[in-house]
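Notes to accompany the following structure.
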Amino acid sequence: MVAPRTAPRAGGRPTTIKSLATYVPPRLLTNADLEKMVETSDEWILQRTGIRERHIVDPGVATSDLGKEAAVKAIAKAGLTPDEIGFIVVGTVTPDMFFPSTACLIQEKIGAHRAWGFDLSAACSAFTYSLTTASQFVANGAYDHALVVGADVMSSIIDYKDRSTCVLFGDGAGAVVVSAATDGDGAILDFEHEIDGSGGPALCMPAGGSAKPSSHETIDERLHYVKQEGQTVFKFAVRKTEEISRRLLDRNGLGPGDIDLFVSHQANRRIITSATEKLGIDPNKVIINIERFGNTTAATIPLALNDAVCSGKLKKGDLVLLASVGAGFTVGAVLLRWGF
Ligand code: ACO
């Protein structure tokens, strides 16, 4: 058991999420469609995961294409031009290619010619990790505005012959602009992150990297697809979502009743409800939209935030807790005050 780290508190000037935008490809893959592809049923998928449908790209559409759509909208909503973005971080586990980075590709597509940036690999924790990373560059005064993109084309690494994984994932993107906060804006208040590399084998894509370069053999063995020990990941996700959320709340002198909205990574409805119950957060203060999107990896949290804003569940001034667990294992939580 690893002892909790001492507090890595946010320092420097206050930062905030200035704008939010999302994009999902129009094509739907429903549970009924999956029933025709593998031995499964709508009832099993709905009961075990909470998912009804997911959005899937058409051939030729890549992560940078989804990310671009969300980024362009987020920058416009922030009242900025792409030239005003100083830094871009793209959380993704499905980059367009190994290199150049998806950040480079998105920078070019949106014309953010004065920004530098990189991709961040943290699987389903990529959005919380990227948000914290961008916030640090704004907090220390290096940039006034940073772009955070969480985007994944999970359909590009999913084995549609493996019923234990293919029902879970979808494609999508979300983007936020993180800016220096002024009075009356919201604020990114605190964060907490962990990795636990012992969890690597439980959720990974074994081939295609330097350990097992793609070959006819790796393709024949279907090793270029996501492999997962579902129950190991499930148990870790419930335990860690609770643990990291509680640690962040405790450190800030907060209880579950102080949170206006809890936004967890959307991997499985049962993971979210179990963690929420253990934390003692009122279920009415939780957003679950996995039914419509499945697990979009780096995009789930911005997609959930967007639904919360659109449905009136998230308002200016609300105290929001984000939490995520992903392959690695990676774990993250961010506490923030919503600004619009
Ligand atoms: N349809 C029908 N039956 C199925 C399906 C399916 N799609 N998938 C599995 N089953 C069967 C299994 O074969 C098994 O049958 P058996 O009992 O005859 O052997 C039975 O259902 C139960 O399987 P379990 O794996 O025990 O089912 P479980 O309740 O654990 O649910 C699930 C599986 C949904 C994958 C769950 O474990 C889960 O959600 N795990 C976490 C996923 C997750 O959080 N991923 C992390 C994010 S991904 C990232 O970071 C990139």
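Just follow the structure's listing: the first ligand is 1, and inside any ligand the first atom is 1. Because the structure is predicted, anything quoted here is derived from the model rather than measured. Side chains are part of it too, since the values below use all heavy atoms of this structure and drop only hydrogens, waters and symmetry mates.
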Residue-ligand contact Ser164/ligand 1, heavy atom below 4.0 Å: yes
Under 3.5 Å: N/O of Arg270 near N/O of ligand 1: yes
Please work out, at 4.0 Å between heavy atoms, whether the side chain, the backbone, both, or neither of Cys124 comes within that distance of ligand 1. both
Using a 4.0 Å heavy-atom cut-off, say whether Leu203 meets ligand 1 through its side chain, its backbone, both or neither. side chain
Tell me which protein heavy atom sits closest to atom 33 (C) of ligand 1, plus the residue, atom name and distance to 0.1 Å. Trp44 CH2, 4.0 Å
Logged contact type for Ile271 with ligand 1, heavy-atom cut-off 4.0 Å, is side chain
Of all protein heavy atoms, the one nearest atom 29 (O) of ligand 1 is Arg48 NH2, 2.5 Å
N or O contact, Ala327 vs ligand 1, cut-off under 3.5 Å: yes
Please state which protein non-hydrogen atom is closest to atom 13 (O) of ligand 1 and give its distance, to 0.1 Å? Arg163 NH2, 2.9 Å
Using a 4.0 Å heavy-atom cut-off, say whether Ile45 meets ligand 1 through its side chain, its backbone, both or neither. neither
Look only at interatomic distance and state if Gln228 has a nitrogen or oxygen under 3.5 Å from any nitrogen or oxygen of ligand 1. yes
Are any of the N or O atoms of Gln231 closer than 3.5 Å to those of ligand 1? yes
One finds that the ligand 1 atoms under 4.0 Å from a non-hydrogen atom of Asn295 are 47 (C), 48 (S)
Per the side chain to side chain contact (heavy atoms under 4.5 Å, CB included) rule, which among Thr297, Thr49, Ile288 passes with Gln266? Ile288
Under 4.0 Å between heavy atoms, the region of Asn268 that gets near ligand 1 turns out to be side chain
